[in-house]
Structures are given as structure tokens and as C-alpha cells.
Visitor: 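My questions will all concern the structure given below.
Just follow the structure's listing: the first ligand is 1, and inside any ligand the first atom is 1.
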Amino acid sequence: MHEMHFLLSAEARNISLAQVAAWDDDEVFKTFCDLRWSRNNGEPYCTVCGSVTNYFIRTRRQWRCKDCGHTFSVTSGTWLHSTNLPLRTILIAIVIMANEVKGLSASQLMRHLDVQYKTAFTLYHKMRSALLKTRYDKPAMSGRIQVDGAYLSPSVRDANRAKDRPQGNKKSSTPESCILVIRQEGGAGQGGIRTLTYVIDTENAKDIRYHVEDNVRGNSTIVSDEHPAYGDLEISFERVVVNHSICYVGPLGENTNQAESFFARFRRMFHGQIHKASRKYLDLYANEVAYREDTRRWNNRHIAYDMLGRMLTLEAESPFRGYWSRSKRSMGVPPSLASSLAA
Ligand SMILES: [Zn+2]
């Protein structure tokens, strides 16, 4: 389970690019150590044998394990293992990503950092992949859960509004993808507090039931619109229907506004930054928007350290490691990642 870092338990403060630029190298390095070994108060342990007995090779900023002789760095074995970027550049990139609440494109990041496009692309996708990989690090959802879907092709639009549906049009040449959002409501005034997204081919009962049952406890209440694809959820859950053909808020205040809020942010990000999202990355983009919605009240230091912490505590190999050195292949959610998510 990904744990909130102890650095964040102190008073919430923002972090600025000017601050990070002015830090000395030791401060930057210590921040990485604190996040990497947050469960050990920032103290390093061997990436091979786990021993905490080591000596520090100051000139190389590496440690050698006294028990097994292995040499390791603060990024060894993490998703940032193979990066050639200076730690400060990575930290600056992360602060930029944390600040851009609607996301940004790899080419914008490239200009901010003065690096090659592929470097910016890879770093951003590693961050997105880390968010996707760690989205299950909490227990199943419970309480009131809003579920809704929207199609994306060529632009995001509501799936269920009859007036928006192409009438008798042939299918566009681009296959449509439906983004399913499952969003847990917080208490009064809190809005959505946790959001999971899935990319499915169509807004269909089978996929919807599968994903909702996989993530939501049985004693929960599902709030959805009147689309028949959500009808099967009544088998496992109490269900509240908001009839969107009549109104957007039911007589008891029931609504899917939190799901709508996700789609509104997704549209802003999609049109403003991403422009065209290939299906293979859609899962990453949708999950990034979900993360940004759920962390919308955090200060940017909290978000930046959380993002970096996820990249530094995932000890599996990043799916984007060596991406550009391989022949172009369909990445999407890599099979290794998909199977571990399904597990
Ligand atoms: Zn060791």
C-alpha cells in the first residue's frame, strides 16, 4: 500500500519552482531519499537484500551494502532507475506537473525543462503510469457511488444524451471509446473523494457490472442515470436513478454531478492539452484526470511529493523504461501492468 509520506504530515505548504531552483544539491537529494525510503524515515536500505547496514560513497551519491556488497542509488530499482536526468530537473518537472491542474502536453514540458521531446514524454508517462499502477492502493469504495460513462470520439461528449447521439450516422472511422467513471461521494459538501476510471468499448451492462462489483462494496448505493446499461447494478446494489431525460437533479437531490465534474475536467484537459488521445493512452489520461479531481484540495507540495513518492516506491520496472529504444510497439497499458492490475 502506498503510504502518505511523513514529510506531508507537517503543515501543508506550497512549493514553488523558484524554491526548488534555489535548493542546494543536498536538499534535492534528501527529498528524494525521504520519499524513496519514507517507510524507514528516509534512511536507505539495500535494494537487493534489504539490509540497512551500508556506507555512503559521497562522490557518487551511492551506497554500498555492507552485507551483500551491492551498490545502489536513490533511484535504483524504481521507476526512475534508468533516467539520466539530474534529480533537480526531475523535481522541477514534478512540481510543474503538480501545478498544471488540467495537465500539460509533453511538448510544453519539453520547453519548460529544455530537454528533448522524448525525455519529457517518457517522464510524464512514467508519472501517469505510476498513478495508474497505484490507484488500487485503497480498500474498495463504499457509501454513495456515482457511476457514469462518456464517449470519446473525436471529442468527449455525454453518452446518454439522445440529442447528442449520431442519428443513423455511420460509425466514424475512429473507433469510439467509452470512459466509465466510478466516483465515491464524500460527506456533506465534500464532493467526490475517490475516482476510478476504465476505458471500455461501449457503455454496456457487462463491463459496467464487472468494474463496479470489482471496486464497490455490496452495501453501497449506486447513483446513475437511466441508461439501461446500469440496470444490472440493481442485482448487487441499491440503486438510485437520476432520469436525465427529465432533470439533472432528482426530487431528493440525487444527481451524478461528481461524475459530471470528472468529465468536465477531462474535456478541458483533452481539448486544451492533449488534443488527440490515442486509445492506447486513454486509460492513463483518464486516470490522471481522476487523480487531479481527487487531489483538488491538496496544496501543490502535497501533490508533487505524492506523485514523486509513487514513482520512487514502485519497485517494479517502469513500463516506459527504454520506451524509445525499443521498436515502436503498442504500449497502452502494458500487458505486465494490465495483468497486475487485474490480479
Ligand atoms: Zn544488500
Visitor: Output, by chain and residue number, all protein N/O/S atoms separated from the Zn ion (ligand 1) by less than 2.8 Å.
Guide: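 Correct list: Cys46 SG, Cys49 SG, Cys65 SG, Cys68 SG.
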Visitor: Applying ring-ring contact (aromatic ring centres under 6.0 Å, His included), name anything that partners Tyr291, two or more places apart in sequence or on another chain.
Guide: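 Partners of Tyr291 by the ring-ring contact (aromatic ring centres under 6.0 Å, His included) criterion come out as none, since no residue qualifies.
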Visitor: Find out whether the Lys NZ or Arg CZ of Arg268 is both under 6.0 angstrom from the six-membered ring centre of Phe266 and within 45° of the ring's axis.
Guide: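 Judged by the rule, Arg268 and Phe266 form no cation-pi pair.
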Visitor: Could you tell me how the ring of His211 sits relative to the ring of Tyr198: parallel (under 30°), tilted (30 to 60°) or perpendicular (over 60°)?
Guide: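 Plane angle under 30°, so parallel.
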Visitor: Which residue in the set Arg135, Arg183, Arg265, Lys138 passes salt bridge (Lys or Arg N to Asp or Glu O under 4.0 Å) when paired with Asp294?
Guide: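 The residue from Arg135, Arg183, Arg265, Lys138 that satisfies salt bridge (Lys or Arg N to Asp or Glu O under 4.0 Å) with Asp294 turns out to be Arg183.
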Visitor: Short question: side chain of Asp225, backbone of Val242 - any donor-acceptor pair under 3.5 Å?
Guide: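 Checking the backbone N and O of Val242 against the side chain of Asp225, no donor-acceptor pair under 3.5 Å is found.
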Visitor: Below 4.0 angstrom, N of the basic side chain to O of the carboxylate: do Lys30 and Asp26 qualify?
Guide: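 Salt bridge absent between Lys30 and Asp26.
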